[in-house]
Amino acid sequence: MLVETLPDYDALSERAARLVSEEIRRRSLRTGRAVLGCATGSTPIGLYRRLIARDGPEAPDFSRVATFNLDEYVGLPPEHPQSYGYFMREYLFDHVDIPADRIHMPDGMATDLDAACAAYERRIAEAGGIDLQILGIGSNGHLAFNEPGSSLGSRTRVQILTEKTLADNARFFGEGETQPHTAVTMGLGTIMEARKLLMLASGTGKAAAVRDALEGPVTAMCPASVLQMHPHAHILLDEEAASALAYTHRDGIAEVKE
Ligand code: F6R
């Protein structure tokens, strides 16, 4: 695991934007396209803002990009302001020249959700797999909406959200707005098939989950700990998110802090 600690959220977002842009350029040159796995939530907003602000030779060419999002609430149509489809249009898709037919979101409105989940897996495979998957981490260690207890080999499926996740995400829902209790999420097994993973974590609220994910045992109780099994997992932390780590992590090596 390559773990990098940046001074603050801005530096983390800038570093993430550079890594994502470089990966889009590299994959586009090599294969003529790039398949990007996208996350939602507060953490990647700074990354998306920087991606759309880049110009000149620094600007990533989204005309060659296909995207697959990690998750979507069940029962929220894409035009609902709290849906992840809406989030992605607001923060990224409406600002880049990505072809609409290359944007893929899990379908939380399907009448047959299991069939829609299987179709999502097929679409990822047909696209040749995900080159770079952007990830956040829940304060309970969830990855996408794979809550504690999720099989480390799980596939795209419907997941019931924990009380902790519902409480953490309640801030996005206004008075009287119904917050869905279930979501469609890529599974941990699906995520682990991406060629590269880029996980971002910011703030003290993530410090314990980051410590458990990076330095604890690999366990379904902390779904993000599965990152330890990936050959190309790059983790970007700000100082606050790194504050509970017992080790310094440098160049893929962990040493006990002095
Ligand atoms: C969102 C997702 C979630 C978030 C996590 C952290 O697509 O997969 O796992 O990454 O809940 O959310 P924020 O960034 O809002 O703290």
Side-chain angles (χ1 to χ4, degrees), residues 8-10 12-13 16 20 36-49 67-74 76 78 80-93 103-108 117 120 124 130 132-150 154 156-173 179-192 194 197-210 212-213 220 222-227 233-238 240-242:
D8 54 27
Y9 179 71
D10 282 344
L12 175 148
S13 302
V20 172
L36 191 62
C38 293
T40 55
S42 304
T43 313
I45 290 177
L47 155 65
Y48 295 144
R49 288 216 167 106
T67 59
F68 287 88
N69 262 77
L70 286 171
D71 38 24
E72 179 59 282
Y73 286 115
V74 169
L76 293 192
H80 191 289
Q82 258 45 264
S83 75
Y84 286 165
Y86 189 101
F87 174 103
M88 288 307 300
R89 286 195 303 281
E90 182 176 0
Y91 288 107
L92 185 64
F93 299 150
I103 295 171
H104 304 91
M105 300 290 306
D107 184 358
C117 291
Y120 200 64
I124 295 173
I130 293 170
L132 177 67
Q133 176 65 59
I134 300 162
L135 297 162
I137 181 171
S139 61
N140 65 352
H142 75 210
L143 209 56
F145 271 141
N146 294 283
E147 298 283 34
S150 294
S154 53
T156 302
R157 69 196 185 291
V158 176
Q159 167 79 65
I160 297 168
L161 304 178
T162 58
E163 291 301 327
K164 178 81 179 116
T165 294
L166 291 172
D168 283 352
N169 287 354
R171 69 189 192 279
F172 295 113
F173 292 84
Q179 186 180 2
H181 285 214
T182 50
V184 175
T185 182
M186 271 189 208
L188 294 170
T190 322
I191 291 168
M192 288 293 283
L197 304 180
L198 179 64
M199 192 190 86
L200 317 178
S202 167
T204 48
K206 300 294 174 67
V210 164
D212 292 350
C222 179
S225 66
V226 76
L227 292 183
H234 195 152
I235 291 105
L236 299 184
L237 309 173
D238 64 13
E240 289 185 351

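Everything quoted here is computed from the prediction, not taken from an experiment. Excluded from the calculations below are hydrogen atoms, water molecules and symmetry mates; all remaining heavy atoms, backbone and side chain alike, are included. Ligands are counted one by one from 1 in listed order, and the atoms in each one are counted from 1 as well.
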Parallel, tilted or perpendicular: rings of Phe87 and Tyr91 (30°, 60°):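 Ring orientation, 0 to 90° scale: tilted.
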Geometric class of the Phe68/Tyr120 ring pair [parallel <30°, tilted 30-60°, perpendicular >60°]: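 It falls in the perpendicular class, over 60°.
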Give me the nearest non-hydrogen protein atom to [atom] as residue plus atom name, then the distance to 0.1 Å.
{"atom": "atom 11 (O) of ligand 1", "value": "His142 NE2, 2.7 Å"}
{"atom": "atom 2 (C) of ligand 1", "value": "Asp71 OD2, 3.3 Å"}
{"atom": "atom 10 (O) of ligand 1", "value": "Gly136 CA, 3.3 Å"}

Is it the case that [X] and [Y] place a side-chain donor and acceptor less than 3.5 Å from each other?
{"X": "Arg157", "Y": "Ser150", "result": "yes"}
{"X": "Asn140", "Y": "Glu147", "result": "yes"}
{"X": "Thr67", "Y": "His104", "result": "no"}

Closer than 4.0 Å to some heavy atom of [X] - which atoms of ligand 1 meet that?
{"X": "Lys206", "answer": "6 (C), 13 (P), 16 (O)"}
{"X": "Gly41", "answer": "14 (O), 15 (O)"}
{"X": "Thr43", "answer": "13 (P), 14 (O), 16 (O)"}

Under-4.0 Å heavy-atom contact with ligand 1, by part of Glu147 that carries it: neither
Which segment of Thr165 sits under 4.0 Å of ligand 1 when only heavy atoms are counted: neither
Option whose closest heavy atom lies nearest to [atom], chosen from [options]:
{"atom": "atom 4 (C) of ligand 1", "options": "Thr40, Asn140, Leu70, Leu200", "result": "Thr40"}
{"atom": "atom 6 (C) of ligand 1", "options": "Ile191, Thr185, Ile137", "result": "Ile137"}
{"atom": "atom 9 (O) of ligand 1", "options": "Ser42, Pro106, Ala144, Gly141", "result": "Ala144"}

Beyond-backbone contact of Met186 with Pro106, side-chain heavy atoms, under 4.5 angstrom: no
Sub-4.0 Å heavy-atom contact, Arg171 with ligand 1: yes
Over 12 non-hydrogen atoms of neighbours within 6.0 angstrom of CG in Leu166: yes
Centroid separation Phe173 to Tyr73 less than 6.0 Å: yes
